[in-house]
Structures are given as structure tokens and as C-alpha cells.
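Have a look at the structure below before the remarks.
Remember, it's 1-based here, ligands and their atoms both numbered in the order they're listed. Quick caveat: nothing in here was measured; it's all calculated off a predicted structure.
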Amino acid sequence: MAELIDGKALAKEVRAEVKSRADDFRATHNRAPGLHVVLVGDDPASQVYVRNKERAAAKAGIEGRVHRLPAETSEADLLALIFELNGDDHIDGILVQLPLPDHLHDQTIVDAIDPAKDVDGLHPFNAGLLVVGRKGLRPCTPSGCMRMLEHVGCDPKGKRALVLGRSTLVGKPIALMLLEKHATVTIAHSRTEDLAERVRESDIVVAAVGRANLVKGDWVRDGAVVIDVGINRLDDGTLTGDVDFEGAKDRAAHITPVPGGVGPMTIAMLLSNTVDAAEARIM
Ligand code: NAD
């Protein structure tokens with residue numbers, strides 16, 4: 001029977017660390033670390049995410065501000081705001097809530113953020129630092145997954161790790177982070193054959209696809225560590241991950257639930273990145 005990896009409890013621990021570092025920063029520099037979030041349009045899910053980030057930042061001693069812009073905001077106006085935030089010395093982190101409305105290109109806007117303030121870790125400069133194994137701001141969800149592995153004492157060194165999904169946001173960066181920790185990493189994606197076999201041979205499985213119960217419980221190797229990043233809404237409104245939790249929990253050594261697993265870690269790591277950015281910028 002697997003031990004649950006409680007993302008809520010671990011996120012609370014990370015947020016407490018962040019609060020203590022933010023308080024120290026404020027005491028030393030006479031200002032709190034600053035996080036500015038840009039929300040364009042009125043997508044209901046994005047509004048909820050942004051509100052959660054705003055609340056979490058305030059509780060962690062981070063000076064948060066949300067810039068709410070109308071859906072029809074032009075690229076030029078949005079870029080002008082980003083450049084203004086880049087140039088403001090009291091702002092340490094800038095996050096543009098994605099996806100943007102269709103007429104705006106996510107990558108063009110992300111590319112305009114100062115890499116030193118890119119607390120989502122999505123700027124190509126930061127992605128490059130991760131590839132070459134150097135310090136930089138790293139994407140929040142993969143960082144949260146790594147923190148979860150560390151928490152349960154799972155050292156990826158020498159282990160066979162499987163990442164399902166190859167997105168820039170989750171799959172690719174988590175694969176690089178596992179590689180950095182000396183795992184033997186396989187990346188599976190929509191064209192992968194023999195997915196069941198790949199899961200069966202893996203000591204660590206990170207699923208980041210967005211398909212309910214894609215990974216069957218009996219594929220999971222006895223004693224594996226399973227991190228389920230997927231968030232899928234079922235017809236009855238409940239949330240579930242990419243892994244058949246009920247089947248997998250009898251075989252895995254450790255497994256994350258959905259909800260209450262990776263999700264809460266993402267915001268905690270965003271706050272952690274903001275304090276990292278603040279400390280790095282004043283050095
Ligand atoms: P994405 O749609 O950008 O990428 C999905 C990936 O899955 C693609 O690389 C695709 O090749 C791969 N894929 C599709 N079908 C597959 C299959 N049958 N077998 C193996 N791989 C397959 O999605 P994303 O942004 O990487 O997010 C993935 C999931 O993680 C989504 O459910 C998303 O909601 C969730 N997510 C959760 C958090 C969190 O904080 N918990 C954060 C980000 C994303």
C-alpha cells in the first residue's frame with residue numbers, strides 16, 4: 001500500500017520557508033520581494049488561478065499586485081506594460097497568466113520578460129540555463145515534483161525514470177531535472193509505442209499528459225514512486241489525474257493524489273522563485 005505524498009502539507013512547509021526568507025529580505029532591504037501578475041481577459045479559470053496566487057503571495061510576505069487588462073489589449077500595450085515592470089527596481093517577479101487571448105502570442109510576450117524576473121521559468125534564457133545545468137529560475141510545477149521526490153527520500157540517481165508528456169511547461173523540464181539528478185530518463189509522448197511496458201520498467205513515473213486514468217494501475221511496478229501532474233475534470237465534476245490512483249496505490253511505494261498532490265506545490269514554488277529572484281537581483 002503506497003504512502004500518499006501530501007502536496008498540501010508539503011506546500012505549507014515550503015510557504016513557511018518562503019515567508020521566513022521574505023521577512024528576512026524585508027528586514028535587510030526595507031522592502032518586501034515584489035511579484036506582479038498580468039492577467040489579460042476574463043477567462044474564469046485564469047481568474048481563479050490569479051486570485052490564488054495573489055492570496056498566497058500576501059500570506060508569504062510578498063508584495064503582490066495584479067494588473068487586470070481587458071481581453072482586447074493590443075500586443076503593443078501589453079509589451080509596454082512588461083517593459084515598465086522590467087524597469088521597476090521594486091519588482092522581482094513578473095508572471096503573465098497563460099494562455100493569453102488568441103490575438104496575442106504567448107511566446108512573444110514571455111520573451112519580453114526580463115529573464116531575471118521570469119518567476120515562471122518559461123523564458124528561453126532560463127530554459128537554456130536548465131539545459132546546461134546552471135542555476136536559474138525554473139518552471140514551478142517541475143520544481144514542485146522534484147521537491148516531492150526529495151521529501152519522500154527518493155534519490156533519482158541510477159533509477160529508471162519515465163516522464164509522460166513533453167511540454168515546455170512540464171514534461172521537458174522535469175525530464176531535465178531528473179537527468180540532472182542522475183536518473184536514466186525516458187520521455188514518452190503521444191507517439192510512444194508500448195507505453196505499458198515503459199511504465200512497467202520504471203522506478204519513477206511522472207505523468208503530465210492531461211488524460212484521465214491513462215496509466216493503468218497494473219502497469220505500475222511494485223515499489224515505484226508515482227507523481228501525477230495531470231488534472232482532468234470528469235463528467236460528474238470531480239477532478240482526477242492521469243494515473244488510475246486506486247489501482248496504482250496498491251503497488252507504488254509513494255504516490256501523489258489528485259487533487260491535493262502536485263497542484264498546491266506549483267504556487268508554493270512560484271513564491272519560492274520570487275524570493276530567489278529578489279535575492280539574486282540585489283546581489
Ligand atoms: P500539454 O497538452 O502541453 O502536453 C501534453 C503532453 O502529453 C504532450 O507532450 C503529448 O505529447 C503528451 N501525450 C498526449 N497523449 C499521450 C499519450 N497517450 N501518451 C503519452 N503522452 C501523451 O499539457 P501540459 O501543460 O504539459 O499539462 C499536462 C497535464 O498537467 C494537464 O492535465 C495539465 O492540466 C496538468 N498540469 C498541472 C499542473 C499542476 O500544477 N498540477 C501544472 C501544469 C499542468
Side-chain angles (χ1 to χ4, degrees), residues 4-12 14-15 37 43-46 48-53 56 95-100 105-107 110 119-122 127 130 138-149 161-178 185-202 204-216 219-220 226-234 237-245 248 255-273:
L4 275 195
I5 310 177
D6 183 345
K8 271 194 208 160
L10 184 55
K12 198 171 162 192
V14 173
R15 289 199 310 267
V37 176
D43 176 68
S46 292
V48 172
Y49 293 143
V50 166
R51 215 172 304 130
N52 290 342
K53 286 168 187 171
L95 181 153
V96 176
Q97 186 65 43
L98 302 177
L100 290 165
H105 298 112
D106 292 0
Q107 201 56 61
V110 169
V119 282
D120 244 351
L122 296 178
L130 174 59
R138 297 181 167 190
C140 304
T141 301
S143 298
C145 296
M146 295 306 288
R147 180 72 191 248
M148 290 178 128
L149 290 178
L162 175 70
V163 177
L164 289 91
R166 55 174 163 184
S167 70
T168 310
L169 188 64
V170 192
K172 274 189 218 166
I174 184 86
L176 287 163
M177 291 179 195
L178 287 162
V185 182
T186 301
I187 304 177
H189 46 78
S190 52
R191 318 281 169 89
T192 297
E193 294 173 2
D194 302 331
L195 187 61
E197 213 32 59
R198 299 287 82 75
V199 175
R200 280 193 186 103
E201 65 195 18
S202 301
I204 298 170
V205 177
V206 181
V209 174
R211 279 210 197 167
N213 300 322
L214 171 73
V215 177
K216 308 297 171 228
W219 295 359
V220 172
V226 178
I227 308 281
D228 193 349
V229 183
I231 302 175
N232 309 288
R233 195 169 285 282
L234 300 178
T238 56
L239 291 182
T240 190
D242 291 345
V243 179
D244 160 27
F245 180 81
I255 188 166
T256 60
V258 178
V262 176
M265 291 300 288
T266 299
I267 292 188
M269 298 318 288
L270 167 71
L271 303 175
S272 178
N273 273 357

request  = Go through ligand 1 atom by atom and flag the ones less than 4.0 Å from a non-hydrogen atom of Val170.
outcome  = 26 (O), 43 (C), 44 (C)
Atom 2 (O) of ligand 1: nearest protein contact (heavy atom, Å) = Val209 O, 4.3 Å
ask   = Contact between Gly171 and ligand 1, counting heavy atoms under 4.0 Å?
value = no
query = Nearest protein heavy-atom contact for atom 12 (C) of ligand 1: which residue, which atom, what distance?
reply = Gly165 CA, 3.9 Å
task = Note the single closest protein heavy atom to atom 3 (O) of ligand 1, along with its residue, its atom name and the distance in Å.
result = Ser167 CB, 3.4 Å
ask   = Do other residues, nucleotides or ligands put more than 12 heavy atoms under 6.0 Å from His105 NE2?
value = no
inquiry  = Does only the side chain of Thr266 get under 4.0 Å from ligand 1, or the backbone, or both, or neither? Count heavy atoms.
reply    = side chain
note = side-chain contact (heavy atoms from CB on, under 4.5 Å) with Thr186: of Val199, Leu164, Leu162, only one passes, and it is Leu162
inquiry  = Can you name the atoms of ligand 1, numbered from 1 with element, that are less than 4.0 Å from a heavy atom of Arg211?
reply    = 15 (N), 18 (N)
inquiry  = Testing the basics here: between Ser167 and Pro173, what is the closest heavy-atom pair and its distance to 0.1 Å?
reply    = O-CD, 3.5 Å
ask   = For Val262 and ligand 1, does the shortest N/O to N/O distance drop below 3.5 Å?
value = no
ask   = Hey, is NZ on Lys8 packed in by over 12 heavy atoms from elsewhere, all under 6.0 Å?
value = no
note = closest protein heavy atom to atom 11 (O) of ligand 1 is Ser190 N, 3.2 Å
note = Correct closest heavy-atom pair for Val119 and Cys140 would be O-SG, 3.5 Å
task = Report the nearest protein non-hydrogen atom to atom 8 (C) of ligand 1: residue, atom name, distance rounded to 0.1 Å.
result = Arg166 N, 4.0 Å
Subset of ligand 1 atoms that lie under 4.0 Å from at least one heavy atom of Gly263 = 40 (O), 41 (N)
key: Considering all heavy atoms, the nearest Leu271-Ala56 contact   = CD1-O, 3.7 Å
task = Looking only at protein heavy atoms, identify the closest one to atom 42 (C) of ligand 1 and say how far it is in Å.
result = Thr141 OG1, 3.3 Å
ask   = Of all the non-hydrogen atoms in the protein, which one sits nearest to atom 19 (N) of ligand 1, and at what distance?
value = His189 O, 3.6 Å
message = Is the shortest side-chain heavy-atom distance between Val226 and Val215 below 4.5 Å?
response = no
query = Using a heavy-atom cut-off of under 4.0 Å, does the side chain or the backbone of Val229 touch ligand 1, or both, or neither?
reply = both
remark   = Nearest heavy atom to atom 33 (C) of ligand 1, choosing from Ile227, Ile267, Leu162, Ile231, belongs to Ile231
Minimal non-hydrogen separation, Ala212 against Leu234, with atom names = CB-CD2, 4.0 Å
note = Correct closest heavy-atom pair for Val14 and Ser272 would be CG1-CB, 4.5 Å
key: Least distance between heavy atoms, Ile174 atom then Met146 atom   = CD1-SD, 3.9 Å
query = Between the main-chain N or O of Asp242 and the side-chain N or O of Asn213, is there a donor-acceptor pair closer than 3.5 Å?
reply = no
ask   = How far is atom 31 (C) of ligand 1 from its nearest protein heavy atom, and which residue and atom name does that atom have?
value = Gly210 CA, 3.7 Å
inquiry  = Please report whether ligand 1 has a polar contact with Asp242, defined as an N or O pair separated by less than 3.5 Å (distance criterion only).
reply    = no
